[in-house]
2 protein chains.
Amino acid sequence: MGVKSLLMPKRKPELLSPEALRTHGDRLFLSHLSVDCVIFGFHEGQLKVLLLKWKDGPWCLPGGFIKHHESVDHAATRILKERTGLDEIYLKQFHAFGDPQRERGKRYKQGWIANRFVTIGYYALVEYSKVFPQPDLLSSECKWWDVATVPDLIYDHKQIMTTALETLRLSLNDHPVGYNLLPLKFTMPELQRLYETILGQPLDRRNFQKRMLALDILVKLKERKTGGAHKAPFLYRFDKKKYDRAMKQGLVGGW
Amino acid sequence: MGVKSLLMPKRKPELLSPEALRTHGDRLFLSHLSVDCVIFGFHEGQLKVLLLKWKDGPWCLPGGFIKHHESVDHAATRILKERTGLDEIYLKQFHAFGDPQRERGKRYKQGWIANRFVTIGYYALVEYSKVFPQPDLLSSECKWWDVATVPDLIYDHKQIMTTALETLRLSLNDHPVGYNLLPLKFTMPELQRLYETILGQPLDRRNFQKRMLALDILVKLKERKTGGAHKAPFLYRFDKKKYDRAMKQGLVGGW
DNA sequence: AATTCATTGTGTAGGATATACACAATAGTA
DNA sequence: TACTATTGTGTATATCCTACACAATGAATT
């Protein structure tokens with residue numbers, strides 16, 4: 001791939017070859033800046049995170065670079081779409097990681113990519129079942145991991161993931177969660193499991209339900225979820241209008 | 001100033017001339033990245049923010065660039081020290097601003113500095129009386145403004161300031177404030193005034209005091225503050241140990 | 001010296017919210 | 001048909017939040 005096509009990419013510029021990235025990254029992208037995404041999903045009662053594996057290398061967060069005339073938010077959205085196929089998902093910038101030592105042991109990189117990078121972290125909440133993980137040209141695998149059992153990650157990516165999870169955890173204090181992580185219809189136990197796995201602690205069933213219903217963002221459906229081995233729980237869905245309002249103006253509490 | 005001295009600055013590299021910055025900024029600094037600081041102080045019952053005025057130009061936030069082997073946090077600390085003379089102050093990264101249009105109308109810049117910059121915002125809490133505002137080589141003035149009456153700011157700096165204030169406001173929900181903004185000894189009314197001006201709303205005197213004392217981070221002194229025109233209020237100080245603990249593990253509430 | 005004024009110090013009652021906790025109903029399975 | 005794990009549901013208690021009023025004080029004024 002020649003330099004010209006890098007300057008004016010016609011299509012699929014994201015499918016830039018590793019070689020071109022090494023030699024001409026700065027033609028397309030802002031140098032010294034990257035974006036890393038912590039993509040959370042929820043499946044079978046477990047909080048999951050989407051990771052990539054480098055060819056013959058370690059696991060890492062899906063990330064990428066910022067084009068010269070692209071907003072950082074847009075870059076994050078683009079990276080997410082490349083990896084999951086999804087757009088219109090919940091994505092939030094949470095921290096910039098700027099320690100010059102953060103990429104210590106950068107043995108896997110050469111050329112432009114070997115420069116120092118400050119990375120801007122985003123976390124995403126996506127519906128597990130809608131995602132079809134796609135590795136990129138630098139990676140051989142892309143798959144979901146339980147947050148509790150993620151393997152060693154490259155550089156400071158574990159730290160980035162932990163910070164994302166902490167941020168998400170804190171955000172539960174003033175914002176609801178679930179719309180982006182659960183299917184359209186879900187049961188109260190499923191919603192509770194979601195909160196429990198984000199918080200890392202068990203919650204009282206009755207108090208949880210009372211609190212959730214008090215938020216006034218849920219609609220109880222007439223249907224029940226059958227097929228489970230026990231008493232069939234009712235299905236709920238979110239009232240999108242009310243959910244969005246709660247999301248925007250935050251939940252009670254505080255000053 | 002020659003290029004050589006830019007590559008290996010012996011001392012005061014921050015006193016880089018505007019001309020050298022324009023022509024050789026990338027020798028010293030990471031390109032496309034800047035840091036802007038929203039420096040809050042508190043004086044005479046008003047929340048203040050420290051602003052710079054460019055020579056023949058608009059007001060702006062104190063900011064700067066990141067050296068090649070310097071952490072972003074360190075850059076922020078350094079910029080703060082240059083402007084206020086203080087170190088050991090409370091400084092917190094709150095957001096990265098990455099819209100390519102954010103510096104729209106960049107008529108004041110040429111050369112390296114005219115590139116696109118993603119800026120990382122920090123807010124600082126400093127003790128007003130300890131600060132001696134210092135303009136840099138690019139600016140003619142450096143002074144405190146009431147947050148309520150800041151003038152028009154360059155680019156998106158007003159937006160950055162607003163976001164900083166919102167972040168600070170939200171942080172009151174789970175973290176105490178005051179240690180970095182008030183003198184060692186202070187009165188309950190002063191502390192209340194601080195909260196009120198951050199929150200932009202009046203608070204009930206008795207409930208405020210009850211709530212503050214319940215945090216168990218204050219020490220009531222035997223002395224009173226005399227000299228005021230009315231009944232002399234008691235002085236308090238923070239219990240640093242307990243304050244730090246509250247700061248670290250957050251205040252109650254939530255899940 | 002007495003009065004005035006703005007401000008400080010202090011407590012309680014009522015309402016709202018959070019917590020702890022138990023038993024009957026049910027859907028599938030054995 | 002019985003069993004088992006799970007769901008649905010309410011109340012009593014403690015805790016927290018909110019609203020609210022009056023006496024004491026220190027300086028300034030007369």
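Taking the six-membered ring where the residue is Trp, B:W144 and B:Y128 present tilted rings, their angle falling between 30° and 60°.
Per the geometry, NE2 belonging to A:H230 stands 6 Å off C1' belonging to D:dT6, to the nearest Å. The nearest whole Å value for the distance from the CD atom in B:Q209 to the C1' atom in D:dA19 is 16 Å. When the C1' atom of D:dC16 is taken as reference, atom CG of B:L213 falls 16 Å away, rounded to whole Å. Here the P atom of nucleotide D:dA12 and the CG atom of A:N207 are 15 Å apart, to the nearest Å. Straight-line distance from the CZ atom of A:F208 to the P atom of D:dT6: 17 Å, rounded to whole Å. D:dC17 atom P lies 10 Å from atom CG of B:L215, rounded to whole Å. The nearest whole Å value for the distance from the NZ atom in B:K210 to the P atom in D:dA19 is 11 Å.
Between B:R211 and A:P189, the residue anchored nearer the 5' end of DNA chain D, judged by the nucleotide with its closest heavy atom, is A:P189. In terms of position along DNA chain D, the nucleotide closest to A:R224 lies nearer the 5' end than the nucleotide closest to the other residue of the pair A:R224 and B:R205. Each of A:G227 and A:D204 has a nearest nucleotide on DNA chain C; the 5'-most of these lies closest to A:D204.
The backbone N or O of B:L203 lies less than 3.5 Å from a partner atom in the side chain of B:E196, making a donor-acceptor pair.
The residue A:K225 sits apart from the nucleic acid: no heavy atom pair falls under 4.0 Å. Across all strands shown, A:A229 has heavy atoms under 4.0 Å from base atoms, whether or not it also approaches the sugar-phosphate.
Of all nucleotides in DNA chain C having an atom under 4.0 Å from a heavy atom of chain A, the first and last in 5' to 3' order are C:dT19 to C:dG28.
If you check the side chains of B:T149 and B:D146, you find no donor sitting under 3.5 Å from an acceptor. For B:Y122 and B:D73, the side-chain atoms include at least one donor-acceptor pair closer than 3.5 Å. Between A:T119 and A:D36, the side chains place a donor N or O and an acceptor N or O closer than 3.5 Å (distance only, hydrogens not considered).
A cation-pi contact, defined as under 6.0 Å to the ring centre and within 45° of the axis, is absent between A:R169 and B:W255.
The ring of A:W59 has its center no closer than 6.0 angstrom to the ring center of A:W54.
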